[in-house]
Each structure stands twice: as structure tokens, then as C-alpha cells.
Amino acid sequence: MNPQLRTMFLAIELGLALITTGAAHAQLPPPGSITLSVDATHVPQRILHAKLDIPVRPGPLTLYYPKWMPADHSPDGPIPNVAGLKFSAGGKEIAWVQDDVDMYAFNLDVPPGVNSIQASLEFLISAPGPTIDFAASGSAKLFILMWNQVILYPKGWPAAKLNFQPSLTVPAGWKFNTSLPVASQSGDTITFSPVPLDLLVDSPVQSGEFVRVYPLNPGGKPPHEVDVASDDAWALDISPALIDNYKQLVAEADALYQSHHYRDYHFLLTLSDNVLPLGQEHHESSDDRVAERTLVDPSARLLESGLFPHEFSHSWNGQYRRPSGLATPDFQAPMKGELLWVYEGLTEYLGTVLSARSGLTTPQQTRDYIALTASTMAHRAGRRWRSLQNTANAAQILYFSPPEWASYRRSVDFYPESVLIWLNVDTTIRKLTNNRRSMDDFCRAFYGPPDGEPVIKTYEFDDVVAALNQIAAYDWRSFLRERLDSTEASAPLGGISGGGWKLVYGDDANEFLAAGDAVSGGGDYTSSIGLKVKGDGTVVDSTPGMPAFESGVSPYLRIIAVNGRAFSVDELNRAIANSRSSAGAIVITATNTGAIETHEIRYQGGNRYPHLERVDGTADYLDDILKPLTPARSH
Ligand SMILES: [Zn+2]
């Protein structure tokens, strides 16, 4: 997400003195500080109140509500939840009109003699639903203030040039955590230091009744901490062993990047079933929200093991270094997702590596994760028509596509499939250099020193190719383009074989797949009959070309019986496991929009859980990649 500090940041780093819209305004100096007061005392009633004092000039004025959210790579600012919008000057109301094309623009006519207007608005906090809803950010006991929810800003200047003077009143006695510097506090009202708009939106505030802070490098510079908030006090206890893993993560990231581009770093961890689950990256913090029981449920904890490593890595890859198409000057200019296979994809790879190096996953679990990723991508029916590059270009629609038909539609596959591609890059560098160089060297070169405050340094595809060539000379352009532009049926598995392993399928459970099924209550049979179901039998996905689909099973059917017995995930597990020794088909009875159907799935392959198997006589580069760079710690 966006960024940065003081005014140096966007305007200088991007070389953008002006934004393209509002050229007439852009000739003028930026207005003075915009005062923003947020009253969060009614969060339990699901309402935020905000007041803004905006310096203006008489005449036509356009104010924007943030639309393109940097960490979302999408035009999804939660404007449907804005209410109570009013403007006035000197106590007299000023009429407003929402632009009839751009729903994020409000047009006003500022009366003569007026040099500042007051805006007031409410933000309605929703509850998590089946779709992504960034308005689901608070509960009776906590909230995460995403400043973009309560902000309007004048058209015509880059966000880095617009200064805000923010303050926040929290419910009585609630604590708060944020990377935003605090100027003063009086009772429950916090006044923050003046901050440019881009850095303000990049700096969420976590607040709640139940909050605890875990320092990760006491006395070290810069400070790192985990800030935990939850709906109940019991969830705040994090085991010393897990805190040690997080400490190791900080040390491993330091060893990998040998730099930091933040003044301090806050993992804002919210354990709650009442807010949208997400991981959202920022320069100096991450907004990490998971279910309340995540840290005490082994399956849920394993599934979320990569969350901190991923979001933390974004401080370097995504925040400090950002594709120019994603480094827009304000929240209004459209973004281009073409390099999301670096921004998100390489972050996913480095997050996987850092999870292993910090002990958050064992080497075996990490191999299972890579195997499951490879198997899932190898069974994407949609790879014959949609390239991985296109999934990045189309990110702004694919983020919001449902899980049904994910195999044939494809999803935001630039996350998982890029793990395979960057593993392929890493093992290729190691092979070319006799294991003397690796992606670790790339990270130091591309994301490394000098240390500093948050800034953005943009890059293009050619810069990635050039940086790789500095590590090991090779035709990286062709290497990457072949994998990104392919519409072949096969997934890029060269990193697994280059690492000394191969993808195999068998009866032994894959730990990540089993954890996913345990948490969801459903069943993932992607690599056997090509089916994913929910716990109630509703089909989430059915892969064209695989046995279930070829028998007529499609997403949205609900399976009610398997081989004549009432449906349960266990029953379907048994039918698949027994298919090797049974002569007949697996008979599925299902309801299809009210009609009862029977489908005979012709399959005799038994369980096909994905694993990595060592290839004897080859260099085990994967083992080298997953080894810690620093000594392991114990509490
Ligand atoms: Zn990410």
C-alpha cells in the first residue's frame, strides 16, 4: 500500500511534480493543512464520525473519497458505507453533487470570501460477509481505523503534497497502537503529528478494550513489535515459543534484506471473528486480521503461518520498491497490475522462505505447502486460455471473483504460481553459480541499503531483468516471459526439480491441505477427481477435464449422497480412497437448483495428496534455501 513520509516521497521518487488531473489547480501551491478529527466513541454502535476542516478557494471545488487502495490494487474504496455527508462554511450549509460518472468525486461551489470549509461524514461499520468488505473493520470491543474510510481530499495535488493534521477519540479506556507518530494525548483523544495524506492512509490505527504489546527486539533499532487486539482478553496470550518465531522472523528479514525502510515496525494483529479477515501491507506496519482462535488451533495457525512473513516482506517488496504502474500519485489514478507477479508473487515466495527460516513452518510443512501450490496450479483448467500474466493484469476483477469456477476462470494466481517461478529463478541462480549466489543476493541488491524513512523507489520489468543479471548472467527476459505468457496446460515445476525434488501424489496427508479441510470443514479433491466441496456438500469447484466434471458435476450443485449413503466429507473421502479396489464408479446424488441428479464419476486412482519427493543424486538446493541465515533462538 502506499506510502510515505514527509513530502520527499512520491513527488521526488516518482519524479511526478504534478498529477495529470486538475492541471489548473496544480499550478497553485498546495492548500494548508487539512484538519481531520475522527470520533470513534460509537464504534460499538458501528458508526465512525469524522469532521474535516479543508482550506479552499472560492469557486468550483472537487473533493475525492479514496478510490484505488494501494494494498488492494483495486478501485474498491468502501464508499457505499459513507453516510451523513454535509458541508458548510461559517455555519452556512453548502450544497454538494456527487459526480454522475465518478462515484468517488463530490462537486461543490465554494462561495465568495470563503477560505475554508467544514465537512462532516459518518462511516458505517459492517460485519464480515461472504464478499470482501473493507467496511467490516470494527466490533463491540475493537476497531482498526483505516483512515481512507473517513477522508476527503481536494483534487489537484499528489497525496504526498497534501498535509493532514489528524486526531482520534477512542471509546473510554480503549488502548491503541499505530506506526503514526503521536504529538499529544489528552484523555481518550490522541493528536497525531502532521502527516502527508499518502503516509496517513498507509498508517492504520488498531484500538480496543483488550490490547497487548509484545516487543520483538527490546532496545534494538528500529523497534519491532506485535500489537495484539481481540474481542476477549483470553486471546491476547501468545506463547513464548511463537514470540520466539516472530523474533527470529525479524532477525531473518534483517539478514535477508540487510536494510529497513521504516522508523519502527508494528505487526497490528487482530484476533477477531467480527472483522474482515485480511493481511494488508504498509510501510511501517501491517494490518493482520485472523479468526480469534487462530493461534490456539493448530490447523488455523499453520494456514496463517505465512501471514507475518508475507506482510513484513512487503515493507521492502511493494512499499520501498514498487512497480511504477502501482505507484500512483493519488488514490484516483488507475493502477496497472502487470508486475503483481513481483509485488505479490515474489513476496509470496520470500514469505514462504522466511516462514521456514524463522521456524514458523518446518521444512516438511514448507515442502507440503510448495507441493500443494504446485498441484493446485497444475490442475488449473483455465491455464489453457488465461496466462499468468493476464491474472496480474486482471487483478482488479479477479480479487473479487468468487471461489466457484476458480480452476477454469483462474483467480489471483500470480500469488501461488509465482512461488513456483521464483523458486525456479532461485535454483537457476544457484545452479549457474555453483550455489555461491541466490535470491538472497538479489534481495540485498534490489531491496537493500541504505536504511531510511519510508520512500518509494519504482521499477519496471527491465529493472528486474537487469538486477537478476547482476547476480547471475542469463537470458532472464525469455525465462520469465515464457513462464508468464504461457497458455500451456503444464505448470512451471522447474524450480522443484531444480531444487532436487519432484512432485508426487499418494496416500499420505498433505499437512496444508489437511489443515485447510479441517478449518473449512470441506474437502479438497483437486488432484484426484477434480472437486472441492463445502462441509454441507455444496460444490465449490469442479475442474473441466477431471473425472467429476466429466461426469456432469459443476459448481453450485449440492451433493446429498455418495454411493447411496448420505453425504459427509468422510463418506466422500472413503469413496475416493476405496476407488482403487472398487470396480464401479463413484455414484453421486446431488440437487441442482431443486432437481435431483445422479452422476457416475469414473475414477479409480485412490487418494492423490501432493508431496515433494527427493531425487537422489541431485543437489538439494531447496534445503539450502529453507535454512536460517541466523542462529535459531529459544526462549
Ligand atoms: Zn501481499
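Whatever order the structure lists ligands and atoms in, that order sets their numbers, starting from 1. Along the sequence shown, the residues carry numbers beginning at 1.
- By the 4.5 Å heavy-atom criterion applied to side chains, Met69 and Ser74 are not counted as neighbours.
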What pairs of donor and acceptor atoms, side-chain ones from residues 369-376 against any protein atom, are under 3.5 angstrom apart with sequence neighbours left out?
{"residue": "Tyr369", "atom": "OH", "partner": "Glu348", "partner atom": "OE2", "Å": "2.9"}
{"residue": "Thr373", "atom": "OG1", "partner": "Tyr369", "partner atom": "O", "Å": "2.8"}
{"residue": "Thr376", "atom": "OG1", "partner": "Leu372", "partner atom": "O", "Å": "2.7"}

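- Each of Phe164, Phe331, Phe192 was evaluated against Trp147; a single residue qualifies, Phe192, per the ring pair (Phe, Tyr, Trp, His ring centres under 6.0 Å) test.
- Seen from the ring of Tyr408, Arg380 does not count as a face-on cation partner, given the 6.0 Å and 45° thresholds.
- Listed by chain and number, His310 NE2, His314 NE2, Glu344 OE1 are the protein N/O/S atoms closer than 2.8 Å to the Zn ion (ligand 1), with waters left out.
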Under the criterion ring pair (Phe, Tyr, Trp, His ring centres under 6.0 Å), I'd like the reasoning laid out for Tyr343 against His73: C-alpha separation, chi angles, the key distance, then a yes or no. CA-CA 10 Å; Tyr343 181 120; His73 325 305; 4.7 Å; yes

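- Using a 4.5 Å cut-off on side-chain heavy atoms (C-beta onward), Val205 and Asn177 make no contact.
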